[in-house]
Structures are given as structure tokens and as C-alpha cells.
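Below, each value reflects all heavy atoms present in this structure, side chains not excepted, and no hydrogens, waters or symmetry copies. In each ligand, atom 1 is the first atom listed, and ligand 1 is the first ligand listed.
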Amino acid sequence: MQQADWIIENVNLATMQNNGEPFGKIENALLAVHNKRITWLGKRDQAPVFNNANRVDGHNGWLTPGFIDCHTHLVYAGHRADEFEQRLQGISYAEIAQHGGGINNTVTATRKASSDILKRDALSRLRQLCKEGVTTVEIKSGYGLDLDTELRMLEVAKSLQDQIQVKVQTTYLGAHAIPLEYKEHADDYIDFICEQVLPQIARKKLADAVDVFCEDIGFNLQQCEKVYQSASDLGFRVKGHVEQLSHQGGATLIAKYNGLSADHLEFIRIEEIKMLKQNNVVAVLLPAAFYYLNEPQKPPIKAMRNAKLAMAVATDCNPGSAPMASLLLAMNQACVLFGLTPEESMLGVTRHAAQALALNQCKGILKSGYDADLVLWDIAHPNQLSYSINMHSPRDIWVGGQHV
Ligand code: DI6
Ligand code: FE
């Protein structure tokens, strides 16, 4: 006899483990939860006896790991619908940024907003994500740029998990844009990040990782390397917005610093992919930004697949290039726009997304010992989740074994 707080039966499992089956599936299964963790899973007819366990009926649906959105900018004030209209008139994202709009527009609004307002708005976007089965979310700073607002953004991001059952991982993205007060002095701003902000964030334990925007309209390779060096010295893992609008060499830089993930990658060169693979860097695909910006070039998915590179999929939810709070839609976009298979897109929001956040020892797959972050879907096959838009929502969600 084995101990369990509750078990779910009459259910099929998309474990997302590498067990030789698509989606790591186990049909006619049973899964048991004890002390917030999965304690047993397998075929129903091979299950041990669980005395005193509550029984949940899975209605012959599919149970998946809780989804992980591993790249978002959920905390910000205001919106940029006016810039969306400008882009529809033919003005490019880069042109808007070069004229002081873009990210700096949101920086102005975010600096002015109280923490209560930031929290209220972020919470409403987070609720949308969680309704679709997201149980872990990464949230970046980067719309404050000054010390006070960056710290506030990270505090607000962390505080969201007191309001709603979700795990929040935070990332410091000081090198997101050159703030207006440092215009023409980007190197001084980088020094400010490295000398003033990063040490405080480390001391206050406000971030789990450090990100940069390596781009003509962001920061150059030398500036990004300076941030990575300081971040690594303080014990942070790094990641980056790289090769999105042009090739800069940011992906190779992330590999050199043993980073967690390289995000976007539309302009990565084929020969650079093996560097990511060798250093266990996850490729985070952000099809919503590609879609909104009408980007001219797709990431080289076939080469990534051939290299067996771990590919994650995330919303990039942000007010400029991806005003979208739907991870299911990002999965669909990853298939339609980039050519991922439905299985790859689901790995992208589970196992590979967990790896991008260094949570792959406890989240992202259904496995004994792993956190009981679970989503039950009324579907006949897990490939339906990538196939249809707005047709399926979770029947039940559990975070750490607790029903939400
Ligand atoms: N993530 C970002 O941070 C920038 N692009 C992206 O994919 C843009 C954010 C913004 O325009 O506000
Ligand atoms: Fe982003």
C-alpha cells in the first residue's frame, strides 16, 4: 500500500517525458499526489493500492504538466495601441524606437505608475495566462531602467504569487533600452547597471536571472558582455533577446556565458546553433513578436531540430511587440508560423520551458517526485491544444497538488 493525498483516474497522461511515445503519453492511467508532489504515475491496471486517498475522476480527458510561460514582460503601465496604428501605416518598430517611442514610451508610463496600479494591471494579464493552464511564469523588469522603478517592478512581479496560485520567476532586464537621461551615453548606463543596480538586486534577491536586448536599437555585443560578466560574477545565470531584428552575435555570447536561454533567434546563423546545443542553452521562440512585427525572417527551425536543440515557446507578453496574453495561441503560432509540430510546441511550454528557467529538476514533466502542477483537459488527443484557437480551456488546474 502506498500513501497519497489524492489520486486521479480515468485519465490519460501527456507526461512530456522521453518515453518513446509521442507526448510521453500513457493512456488509461492513474496519477497519485502526496505532499504537493507526484508520487506515482502509470497504467491504471498496474497501480498499487492507495488507501484513504481522495479520488478524482479525469472523465477520460488528458492530464498535462502545468504550462510554463518562460518569457514575459507582464509588469508595465499603459499601452501602445497608437504605435500599433503607426506600424500599420508603414512606420517600422525600429523607426518608432529611434524617435524616442517604443520601449521608452512604456518606461515613462511605468515610472509614473504606483506599485498598486502596476500590480493590478499585471495581475489581470496573469489571470488570463493562468486560465489557460499556466502555473509558472517568468516576468522581466526593463520598463523602469532607473534603480527605484526596476526594483519596484521586480517586487511587484514577485508579489503576484501572493494573489494567485502560480510560481513567478523574475529576471532583471536593465539593458532593455537606453533611458532618455542617458541618451548618447549608453556606456555610462551600462556602468550604472553593473555597479549600482545589479549588486542591489543580488543583495535583495529580487531576480533569478539577468537579460539584455542585444540589437541595433538596444545594446551592442560589448555592452551586453559587460552586463553578463558582472551578472555572472554575482552568481546570476544569463539569457538574452538576441538575433531578433538583425544578426549581432548575441547567441554565441550567451553560449560563452553558459546562459539559460537565447530568445527570438530569427537571424541566428546555422553554424552558431551547435554552440547553443553544446552549452545546453534553450532556444526560446517568440512567434507573437514575429507575427506583430511582420518580421521578414523565421528562426531556422529545421536546423535547430536537426541539432536536437531544446526549443521553448513563450508569449513575450509586452505592450510593444507582443500585446498577447495567451500561451495556447503562442503554441498555435509556433506551429503555423514557424513549422513546429504540435508535440514540439507542447514541449516548448513544458519540459523545455522548465529548462529555460532552470526548473527542470522539479517542473515541466509528469514524473514521480516532480511538483504536482497539473492541468486536466477535455480533449481526445494532446495535439488539439496546438491545433485550435480558443476552443479548449482547462477543466481543472492544480498547483503544487492544490486545486485552483
Ligand atoms: N521583447 C522585448 O523586450 C522587446 N522585444 C521583445 O521581444 C520589445 C518590448 C517593447 O517593445 O516594449
Ligand atoms: Fe521580450
Side-chain angles (χ1 to χ4, degrees), residues 69-84 86-87 91-111 121-122 125 137-145 149-150 153 157 169-179 209-219 224 227 238-246 248 250-251 254 260-268 282-295 297 299 312-325 327 330 333-334 337-338 353 356-357:
D69 193 349
C70 68
H71 179 142
T72 86
H73 310 249
L74 277 188
V75 177
Y76 62 83
H79 68 86
R80 308 226 296 274
D82 42 354
E83 291 183 1
F84 175 65
Q86 288 174 21
R87 290 208 306 277
I91 305 173
S92 76
Y93 180 75
E95 284 167 324
I96 291 169
Q98 278 148 4
H99 290 100
I103 294 170
N104 265 305
N105 229 328
T106 302
V107 170
T108 304
T110 304
R111 286 179 178 178
D121 290 0
R125 293 184 276 269
V137 65
E138 184 260 15
I139 303 177
K140 302 173 195 300
S141 69
Y143 289 120
L145 309 182
T149 317
E150 286 293 301
M153 284 187 74
Q169 292 284 106
T170 51
T171 301
Y172 170 55
L173 175 55
H176 195 195
I178 303 160
V210 172
D211 198 341
V212 301
F213 190 23
C214 186
E215 196 58 66
D216 286 331
I217 56 167
F219 295 89
C224 292
V227 174
V238 303
K239 58 176 84 175
H241 290 72
V242 293
E243 334 292 15
Q244 178 192 11
L245 308 170
S246 61
Q248 303 276 335
I254 292 169
L260 288 168
S261 69
D263 303 33
H264 287 293
L265 298 178
E266 279 79 347
F267 284 83
I268 192 173
V282 177
V284 176
L285 306 172
L286 303 166
F290 173 90
Y291 160 80
Y292 267 105
L293 299 186
N294 234 322
E295 287 179 36
Q297 187 167 318
V313 174
T315 61
D316 197 13
C317 181
N318 77 62
S321 60
M324 183 184 101
L327 192 56
Q333 291 173 328
L337 300 174
F338 290 170
L357 299 180

Participant: What is the closest protein heavy atom to atom 3 (O) of ligand 1, and at what distance does it sit?
Facilitator: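 So the nearest neighbour among protein heavy atoms is H176 NE2, 2.5 Å.
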Participant: Which angle, to the nearest 10 degrees, do you find at the Fe ion (ligand 2) between NE2 in H73 and NE2 in H71?
Facilitator: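 With the Fe ion (ligand 2) as the vertex, NE2 (H73) and NE2 (H71) sit 100° apart.
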Participant: May I ask you to list the atoms of ligand 1 that are less than 4.0 angstrom from any heavy atom of I103?
Facilitator: 9 (C), 10 (C), 11 (O), 12 (O)
Participant: Give me the nearest non-hydrogen protein atom to atom 11 (O) of ligand 1 as residue plus atom name, then the distance to 0.1 Å.
Facilitator: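 Looking only at protein heavy atoms, the one closest to atom 11 (O) of ligand 1 is Y93 OH, 2.5 Å.
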Participant: With rounding to the nearest 0.5 angstrom, report the CG to CD distance, L265 to E243.
Facilitator: 6.5 Å
Participant: Charged N to carboxylate O below 4.0 Å: is that the case for E138 and K239?
Facilitator: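 Between K239 and E138 there is a salt bridge, with a charged N closer than 4.0 Å to a carboxylate O.
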Participant: Under the 3.5 angstrom rule, does the side chain of R125 hit a backbone N or O of L74 as a donor-acceptor pair?
Facilitator: yes
Participant: Would you mind checking which non-hydrogen protein atom is closest to atom 6 (C) of ligand 1, with the distance to 0.1 Å?
Facilitator: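 Looking only at protein heavy atoms, the one closest to atom 6 (C) of ligand 1 is D316 OD2, 3.2 Å.
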Participant: Pull out every atom of ligand 1 sitting under 4.0 Å from any heavy atom of H264, numbered as shown with elements.
Facilitator: 6 (C), 7 (O)
Participant: Check each heavy atom of K140 against ligand 1 and say whether those closer than 4.0 Å belong to the side chain, the backbone, both or neither.
Facilitator: neither
Participant: Pull out every atom of ligand 1 sitting under 4.0 Å from any heavy atom of R80, numbered as shown with elements.
Facilitator: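 Counting from 1, the qualifying ligand atoms are 10 (C), 11 (O), 12 (O).
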Participant: Would S321 and Y93 count as a side-chain contact (heavy atoms from CB on, under 4.5 Å) here? Give the steps.
Facilitator: CA-CA 8 Å; S321 60; Y93 180 75; 4.2 Å; yes
Participant: Between F267 and Q297, what is the shortest heavy-atom contact and its length?
Facilitator: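 It is CE2-OE1, 3.3 Å.
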Participant: Is it the case that R87 places NZ or CZ above or below the six-membered ring of Y292, under 6.0 angstrom from the centre and within 45 degrees of the axis?
Facilitator: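 Negative - R87 is either too far from the ring of Y292 or too far off its axis.
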Participant: Nearest protein heavy atom to atom 5 (N) of ligand 1, by residue and atom, and its distance?
Facilitator: S321 OG, 3.4 Å
Participant: Could you check whether T171 and Q169, counting side-chain N and O atoms only, form a donor-acceptor pair closer than 3.5 Å?
Facilitator: no
Participant: Looking only at protein heavy atoms, identify the closest one to atom 12 (O) of ligand 1 and say how far it is in Å.
Facilitator: Y143 OH, 2.6 Å
Participant: Measuring from non-hydrogen atoms of T106 to any atom of ligand 1, is the shortest distance under 4.0 Å?
Facilitator: no
Participant: Using a 4.0 Å cutoff against the non-hydrogen atoms of H73, which atoms of ligand 1 qualify?
Facilitator: 1 (N), 2 (C), 3 (O)
Participant: Do you see an N/O/S atom of D316, backbone or side chain, under 2.8 Å from the Fe ion (ligand 2)?
Facilitator: yes
Participant: Which pair of heavy atoms, one from P319 and one from T106, lies closest together, and at what distance?
Facilitator: CG-OG1, 3.5 Å
Participant: Could you give the distance from CG (L245) to NE2 (H264), rounded to the nearest 0.5 Å?
Facilitator: 7.5 Å
